[in-house]
Amino acid sequence: MRSGALKLFAVAAAFIGLLPAAVLAQTGPSEGTPKRGGTLVTIIQPEPTVLTTTVNNQFSNGAVSVNIYDGLVAYDDNLGLKPALAESWEISPDKLTLTFHLRHGVKWHDGAPFTSADVRFSALEIWKKVHSRGRLTFAELEDVETPDAYTAIFRFRAPSLVVLSALNAWEGQVLPKHLYENTDILKNPHNVEPVGTGPFKFKSWTKGEAIELVRNADYWDAGKPYLDRVIYRFIPDGGARAAAIEIGDVGYAAFDPVPFADIERVRKLPNLKVESRGYEWNAKYYFLEFNLRNPILADIRVRRAFAHAIDRQGLADTVWFGLVAPATGPIPSFTKAFYTADVPTYAFDPKEAERLLDEAGYKRGANGVRFSINQDFQPFNENFRKTAEYIRQNLKRVGVEVNVRSQDLGAFVRRVYGSYDFDINTGQFSVFIDPELGLLRQFWSKSIAPGIPWTNASGYADPGTDKVIEGIKSAADPEQRVALFHELQRRVQRDLPVLPLLELKQFTVYNTNVRGVSVRPDGAMSSLKDIWLAE
């Protein structure tokens, strides 16, 4: 049973084998016997837009909804598979059939029974059709057969080495068929008032203030969760977030909750812990994406000029306080199983940037300006705004005038991924331990989908790159697949629809009385069911 699954998961395991031993340990010394009860107050910023990653998988939506929904599987300390909604599974020798044996007695939060029909509906109607990553991840999934209420048989057209990286509660949330069937999935009211099978039930959402979850007393993982309630507060100001954590109003906060400028001071406070483990699974990088529909930016010389004009090391050191590293490509160097340094690179060289812009026909005017563009940035925290301003200053030095536009997350998504009304946009992208899971959607022409966030917004469509991507998706040989990932990195670094800027590393801050915080490679992307409060 497990051996087949782990073979399919071999590429991810190869990456995990290269992680430091400290990353792989879920917990340190014993934290004592878990105690039941209490309310954990946490922070998520920005405020979620919906409460399921299946229709919008930006991280704040995921951080809350992993507590409400389950996946078919979960991951252990080494990212091996362990049961969740599926108790066991097996893979056929030709890797075209994946059979899940589902857990009996699981109920949705409204009391309806969970069955294989929910799995089939989620896979075929949601993951394949509306999930921004799932549309690619499950492209080879042909059907899901349900011979009984507790068996789901996934049938594939071709082997898919990525699929078992996408079935946990963050990436493969199983949604209730009885509440979603025959509805507009993107507008279903349960996207904001969710009904799941997870450890916590949705209770309320006060816009602009907080989301409250309560313990699911019927949860299938006996005895969990330990907490009675979880309250997610929204605190837009970084200084106010830091103050709330420091005085104990907030007990736990993930995803870089305090300004980077404060992190060293916060590390020294005796009542707080700072943890950087728990983020390896999603392997993020920071990028600048060009809208190739703009004829100025469609010129490769202009895009390469931008690459030479931006001081990535200076950006890492000044805005991000040296807690991140300059990127050489779209796959972070710590994702060792897939990364290659054998790619075109663009050293910080403003003179070369000026030469390329002159060559492209965009000479400085009497006012020193060559042309003007708009820049939109993901409104996740202060560093994203400061990064946009840093880029503006760098480009101004070579004669490009940049208007930085600030907006809330909903407006950003509509502008960048809906109407494509942007020139450049900046922000973070999750590549994941298997980059097929996160990276391909940014470069594959078939992932251009107006209205679907976190896909190909640049409009990049290169037949050769598409062929490499499709080869990755159909490759049954892990070594061949890695070679194709190397070729993909070379091609996109040559064409530069997206300019990689930084390899991101994130951190969690929590009070010393908060116990059971997971530091598994996917710990920050997991539910809070193991957390308990010491007296």
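The structure presented is a predicted model; accordingly, all values stated were derived computationally and were not measured.
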- Message: Can a side-chain donor-acceptor contact be found between W108 and D118 if the only test is distance below 3.5 angstrom?
- Response: yes
- Query: F380 vs F384 aromatic rings, parallel, tilted or perpendicular, using cut-offs 30° and 60°?
  - Reply: perpendicular
- Message: Check the orientation of H308 and Y346. Use parallel for under 30°, tilted for 30 to 60°, and perpendicular for over 60°.
- Response: perpendicular
- Examine W220 together with F114 and report whether their ring centres are nearer than 6.0 Å. no
- Message: Are W454 and Y417 an aromatic pair, judged by ring center distance below 6.0 Å?
- Response: yes
- Query: How are the rings of F338 and F485 set to each other: parallel, tilted or perpendicular (split at 30° and 60°)?
  - Reply: perpendicular
- Thinking salt bridges, do D421 and R415 make one under a 4.0 Å N-O criterion? yes
- Query: Closest approach of A63 and W170, non-hydrogen atoms and distance?
  - Reply: N-CZ3, 3.4 Å
- Message: Could you tell me if K386 sits above the aromatic ring of F260, with its cationic atom closer than 6.0 Å to the ring centre and no more than 45 degrees from the axis?
- Response: no
- Note on the structure: When every non-hydrogen atom of I310 is compared with those of N394, the smallest separation belongs to CA-OD1, 3.3 Å
- Query: Excluding sequence neighbours, so at least two apart, what forms side-chain hydrogen bond (donor to acceptor under 3.5 Å, both in side chains) with Y390?
  - Reply: none
- Main-chain N/O of A169 paired to D70 side chain as donor or acceptor, under 3.5 Å: no
- Item | Geometric class of the Y150/H104 ring pair [parallel <30°, tilted 30-60°, perpendicular >60°] | parallel
- Query: What residue among L409, N56, V64 forms side chain to side chain contact (heavy atoms under 4.5 Å, CB included) with P48?
  - Reply: V64
- Query: Should the pair F255 and F59 be assigned to parallel (<30°), tilted (30 to 60°) or perpendicular (>60°) ring geometry?
  - Reply: tilted
- Message: Less than 4.0 angstrom from a charged side-chain N to a carboxylate O is my criterion; do R490 and E487 meet it?
- Response: yes
- Item | Closest non-hydrogen atom pair, L440 against S447 | O-OG, 4.3 Å
- Minimum heavy-atom separation for Y279 to E275, with atom names? CE1-O, 4.3 Å
- For the side chain to side chain contact (heavy atoms under 4.5 Å, CB included) test, which of V174, L175, V195 pairs with Y69? L175
- Side chain D299, main chain P295, donor-acceptor under 3.5 Å: no
- Item | Ring-face cation of R520 near Y75 (centre distance under 6.0 Å, axis angle within 45°) | no
- Ionic contact status for E140 with K473, cut-off 4.0 Å: no
- With side-chain contact (heavy atoms from CB on, under 4.5 Å) as the test, would you mind laying out the steps for L85 and F100 before giving the verdict? CA-CA 9 Å; L85 288 177; F100 290 100; over 6 Å; no
- Give a yes or no answer on whether the side chain of N188 reaches the backbone of L179 with a donor-acceptor pair at less than 3.5 Å. yes
